[in-house]
Structures are given as C-alpha cells and as structure tokens.
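I have placed the structure first, in the form of structure tokens, so that the comments after it can refer back to it.
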Amino acid sequence: MKRNLVELARNSYDLLVIGGGIYGACVAWEATLRGLSVALVEKADFGGATSANSLKTIHGGLRYLQHADLKRMRESIHERTSLMRIAPHLVHPLPVLIPTYGHGMKGKEVLSVALAINDLISCDRNRQLDPQKHISNGRVISKQECQQLLPGIPQEGLTGAAVFYDAQVYNSERLTLSFLRSAEQAGTVVANYVEVTGFLQAGNRVTGIQGQDVLTGNQFDIRAKTVVNTSGPWTNRVLSLLNQPQQQPQQQPQQQPRVPLAKAMNLVIRRPLCQSYAVGISTPYSYRDSDAIVNKGSRLLFIAPWRGKSLVGTSYAVWDQDPDNFNITEQDIQNLLDDINQAWPSVKLNQADVAFVHGGLLPRTGITETGEPQLAKNYQIFDHAKEELPGLISVVGVKYTTARDVAEKVVNQVFRSWGQKPPKSLSSVTPIYGGHIEQFEVFLQTAIFKQPYGLGQEVMGRLVYNYGSAYQDVLLYLERGSDHSCTPTDDLAVLKAEVLYGVVEEMAQTLGDVVFRRTELGSAGHPGNEALRICAEVMGAELGWSRSQIELELDKVNHIFNVGGVLSQEKSIGIETLNGPVSLAQKIR
C-alpha cells in the first residue's frame with residue numbers, strides 16, 4: 001500500500017469511505033470487489049481504535065438464544081464460517097467451557113438444551129470447510145472433568161460444565177489490515193492519517209469531503225458519488241461537519257443520528273489461566289438484560305487463552321466525553337481484577353499480572369437501573385437521503401464478527417440509492433490477503449518443512465499465523481534487514497524484515513503502527529526495550545528520522561504501555577501459544 005495523497009485528491013470516486021477500522025475496511029473491500037472505484041481515509045492508523053479492542057473471539061451468537069433472536073444467530077454463524085474460509089491463517093476454532101451450577105438457568109439441563117438448539121441452527125456450519133476449521137457439536141461434561149480442566153473453580157453447587165465451540169482471531173489488527181490490503185490490491189486508494197475536516201456539498205447533496213494530512217497539515221478535497229461514514233466513536237463529530245439542508249417552512253427539522261457510547265476494556269494477563277479452553281464464568285453481581293426473554297441473572301466474564309497469555313473481559317462503563325479523550329484508569333483495571341477474583345478466587349490476580357490493556361468505545365442504547373451501559377445490539381445503516389442529504393450513508397457497527405455482512409448490506413444500499421440493482425456479493429467466499437490456503441495444517445507444515453533461509457519451526461509458524469500465504473512476501477525483506485551483526489537465519493533479522501515490510505508495503509508511519517498493528521510485537525504486552533529500540537532504528541533508517549525523532553517515537557510507544565500505570569518489565573519475547581507458534585521467537589535482553 002502506497003500513501004499517495006496527490007492521487008487521492010486528483011480523482012473522483014464512486015465511493016469514499018471515512019474510517020479505517022474493521023467496518024470501513026470491509027466496506028472498501030466489498031465495494032471494490034463489486035466493481036466500484038473506492039477511496040478510504042482514516043484519521044489515525046488503520047484499525048487503531050475500537051477494532052483493536054476485543055477478546056479476539058469470533059462469536060457464533062449462542063448468547064442470542066436468550067433473546068430468541070435466531071436471525072442474528074444465523075448471521076453470526078455464517079460470518080464465523082466465512083471468516084475461517086477467507087482468512088484461514090487468522091481465524092481458528094476455539095473451545096469454550098461454561099461451568100454449570102444447580103438446576104436453574106445456570107444448570108446442565110438448560111444449557112444442554114441451548115447447545116442442542118445451537119447445533120441445530122448451525123447444522124451447515126462445516127459445509128465445504130477445511131477440516132481444521134470444523135466446529136464440533138456442543139456437549140455437557142461431569143463435575144469431575146470440569147474440576148480437572150479448571151482447578152480451583154468455585155465448588156458450591158457445581159454440577160459440571162457446558163462445552164461449545166466458537167472461533168478466535170490470532171491477530172485482529174492484521175485481519176483488519178488484510179481486508180484493506182485486499183481492497184487496495186483490487187484498486188481502492190487508501191490513506192491513513194487523513195482527517196475529515198468538512199464535507200463537500202452541492203446544495204443538499206454530499207459530493208465528497210475536505211481532508212487534512214495529519215502528518216503535514218496540508219489540506220485537500222476528495223470527491224465521490226457517495227460517502228460512507230464508518231467513523232465509529234467519531235460518528236457524532238463527523239456528522240456535525242455537515243451543512244444542514246434548507247428546510248421548507250412546513251417541514252420539521254430532521255435530527256442527525258446521535259450515537260451514545262460505552263467504554264469497554266479487556267486485560268491481557270501474563271499467565272494462562274486456562275490451558276485448553278476459553279471459560280465463561282458468572283460474576284457474583286446481579287445483572288438484568290431488559291431486552292432478553294430469558295435472563296441469566298448475572299453477567300459472564302470471558303477468559304480466553306491467547307498467544308500464551310490470557311484475555312479477560314469485558315468490563316463496561318458509560319462514556320459521555322469526547323472520544324479523543326478516551327482513557328483507561330488504574331481504578332478501571334483494579335475493578336475488573338476484583339470482579340475476576342470474586343468470580344474465580346483461586347486465580348488471585350493483581351495489577352502485576354496485567355501485561356497490557358485493550359480499550360475502546362462501543363455504541364450503547366441506554367443506561368440500566370444500576371448505572372451500567374446498555375450496549376447496542378443491532379447495527380444501523382442510515383441513509384441521509386431520508387433527511388434531504390443524499391450522497392451520505394452512516395454505519396454504526398456493534399460487532400467485529402459481522403462487519404463483512406454489514407458491509408455487504410451497506411454496498412447493496414449504495415447501489416439502490418443510485419437506482420441500480422446490486423451485483424452479487426462474493427466477499428464471503430473470496431480469500432482476503434494472505435488467505436489463499438486450502439488446508440491450513442497442510443500449508444503450515446509445508447512452510448515449516450521448506451525452512452526458507454533455514455528458519456526454524458517457531459518463527460515459520462508465527463509468520464504463517466500472521467501473514468498466511470503472503471509470508472514469502474515478508475521474507476523478501478529478510479536479506480535487506482540483515483547486516484553484519486546478524487545472519488539472514490537469525491530471528492532478529494526476521495523482526496527487522498517485518499518492520500521494513502510494514503513500512504514499505506503497509507503504510508506504517510509511526511513506531512506504534514509497527515509495534516501494535518503491523519506485527520504482533522506489542523499487542524500482548526511490552527516486548528522489552530531492546531526490541532523496541534531495534535524496531536525504531538530500522539524504521540528510522542527507512543524513513544529518515546532524526547535521532548530526536550527516534551527517541552520521541554520510543555517515548556510514545558512506552559507511554560501506551562504505561563496505560564493505567566501498567567508497564568511490563570523488560571523481558572524475553574519468546575512465549576508459548578495455545579493454538580499456534582511462539583509469539584515472537586527471538587529472545588532479546
């Protein structure tokens with residue numbers, strides 16, 4: 001991907017997408033795949049906000065049974081299958097265990113019925129799918145087996161556990177980027193660090209945007225037949241830039257859709273709390289979902305093994321401030337740790353166990369009686385032609401899993417707004433960047449067996465899990481990244497190659513772009529000062545940074561690691577993973 005703002009401003013497009021998170025990326029890919037000329041701009045880095053904050057779980061929608069929302073279940077199941085098909089290197093099956101207690105809503109009997117219904121609704125989930133991606137039927141297990149799998153689980157009333165299968169994304173940032181790379185390779189013009197400062201309007205019709213290069217301050221216009229706003233938490237601010245249409249005297253003024261927000265937070269815990277299964281465990285606090293037909297009575301905390309560590313979440317709080325002021329406090333972290341310790345006392349977590357914090361903003365619909373945010377359950381596609389502002393569509397997404405499906409519906413709406421029949425969508429069956437793999441296990445073992453440049457099993461596994469069928473493109477930078485201090489077979493040279501690849505091929509502009517989103521180096525915790533410095537030196541040499549700029553970039557990244565007062569100690573990078581390779585094989589001290 002090449003950041004060419006001159007080209008971006010020179011041309012006029014069928015579609016201009018505002019926002020480079022998972023929803024914007026999927027809309028760009030969907031539209032380009034259906035033959036439209038597309039541009040996309042992102043005010044910061046691609047996938048750097050809410051799309052980076054998740055439990056990395058690709059949900060099949062089992063929880064929607066309590067709402068009797070079979071339509072959403074089918075959508076989620078279909079999208080889980082689609083993502084495993086089109087991004088087989090990044091999305092893999094994940095077993096989930098929920099302990100059962102008593103004989104009520106949390107008992108074996110109720111959950112066994114729920115699992116049977118889930119299996120029936122998803123009966124076609126494995127059709128024409130790689131065997132490694134098969135989702136097995138749910139089952140219940142005995143109290144003894146549950147105790148063996150989860151030592152120290154609360155015993156009072158324990159009757160066993162329900163086991164079902166979902167999926168997990170190995171690297172959600174690279175999944176978002178893979179959609180963008182696919183779109184770019186098919187013709188989309190993309191640019192990060194371009195902020196929308198206004199709209200171009202011909203009368204009431206939206207004809208494009210006014211943009212500003214965040215890196216240089218230069219201003220320019222981008223013209224398009226239709227603009228799609230996928231700016232997530234910044235939706236309210238982007239819409240405030242519109243010139244409102246002239247109202248006829250007899251007309252009531254139209255209201256712009258306002259998106260209230262909730263703060264969401266997940267923690268990366270240094271040690272694996274559960275080895276083979278993700279775990280859903282009830283908190284001791286009562287919780288009532290006003291939209292549910294059947295209420296569980298409490299909120300579940302979800303604990304998932306991920307890259308040798310544990311992801312724990314999610315905690316939610318009402319957020320009424322500017323999204324640019326988003327922050328996670330030390331008290332936020334402690335509150336979630338307290339919740340985990342009360343739900344599962346034997347884990348005895350404290351702040352020293354926290355390796356990293358993921359936070360983001362989600363849409364909410366209201367506030368419960370206890371002051372908790374009521375999260376939005378349904379996406380919104382808002383065609384502003386309804387308020388006499390044709391040429392603009394806003395999208396509010398609620399779930400990472402279904403972004404591709406929503407994008408399909410958005411592009412359908414774009415064609416209909418032009419009075420055209422939408423062409424058939426192929427995005428659910430078309431592999432995205434790195435996803436040209438028929439059978440993942442065969443591909444992985446073949447790559448390891450080849451041992452290009454003499455690279456070992458661990459580093460080859462990591463490359464395949466992150467880049468899939470495109471791992472060889474990264475290795476083209478291996479010799480360029482090596483020098484007299486390390487041979488091409490040194491793992492350090494692979495890290496340098498990934499940094500160069502992120503800069504040259506994937507539009508990384510800052511050290512944080514590389515550390516948190518182009519590679520897996522920092523998204524699970526601080527990799528060590530020496531590793532960060534090596535990345536900064538390689539990137540600085542490529543981009544011509546001064547010594548002071550390199551130090552500034554290092555300070556910015558270390559500040560991110562210091563969120564909530566949690567800063568990892570310098571340590572080795574080698575970490576075992578549950579379903580894949582070592583997180584980063586090199587051990588740098």
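The structure displayed is predicted, hence computed values, not measured ones.
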- Ion pair K309/D353, N-O distance below 4.0 Å: no
- Query: Is a side-chain N or O of T230 found less than 3.5 angstrom from the main chain of I18, in a donor-acceptor match?
  - Reply: yes
- Query: Would you say the side chain of H384 lies within less than 4.5 Å of the side chain of L239, judging by non-hydrogen atoms?
  - Reply: yes
- Message: Set out, in order, the CA-CA distance, both residues' side-chain angles and the distance that settles side chain to side chain donor-acceptor pair (under 3.5 Å) for N412 and E408, then state yes or no.
- Response: CA-CA 6 Å; N412 287 344; E408 181 179 328; 4.7 Å; no
- Heavy-atom check, side chain of S172 versus side chain of S51, under 4.5 Å: no
- Taking C-beta and beyond as the side chain, do S282 and Y101 meet within less than 4.5 Å on heavy atoms? no
- Message: Strictly distance-based, threshold 3.5 Å: is any side-chain N or O of T81 a donor or acceptor partner for the main-chain N or O of R125?
- Response: yes
- Can you tell me if D332 uses its side chain to pair, donor with acceptor, with the backbone of T329 under 3.5 Å? yes
- Message: Any carboxylate oxygen within less than 4.0 angstrom of a Lys/Arg side-chain nitrogen, looking at D69 and K377?
- Response: no
- Item | Residues R416 and D383 bridged, charged N to O under 4.0 Å | no
- Query: Heavy atoms, side chains only, cut-off 4.5 Å: are Q380 and V259 in contact?
  - Reply: no
- Compare all side-chain heavy atoms of C274 with those of L150 and state whether any distance is below 4.5 angstrom. yes
- Query: Is it true that K399 and D405 make a salt bridge, defined as a side-chain N closer than 4.0 Å to a carboxylate O?
  - Reply: no
- Message: Can you classify the ring geometry of H526 versus F561 as parallel (below 30°), tilted (30 to 60°) or perpendicular (above 60°)?
- Response: tilted
- Lys/Arg-Asp/Glu bridge criterion (N-O < 4.0 Å) met for R404, E75: no
- Message: Any carboxylate oxygen within less than 4.0 angstrom of a Lys/Arg side-chain nitrogen, looking at D324 and K43?
- Response: yes
- Using atom types as modelled and distance alone, determine if a side-chain donor or acceptor of Q168 lies under 3.5 Å from a backbone N or O of P305. yes
- Check: T197 and L241 side chains under 4.5 Å, non-hydrogen atoms: no
- Task: Side-chain contact test, heavy atoms from C-beta onward, threshold under 4.5 Å: evaluate it for L349 versus R271 and give yes or no.
- Result: yes
- Query: When R517 is tested against each of N171, D45, N192 for side chain to side chain donor-acceptor pair (under 3.5 Å), which residue passes?
  - Reply: D45
- Task: State, with a plain yes or no, whether a side-chain heavy atom of Y433 is found less than 4.5 Å away from one of R174.
- Result: yes
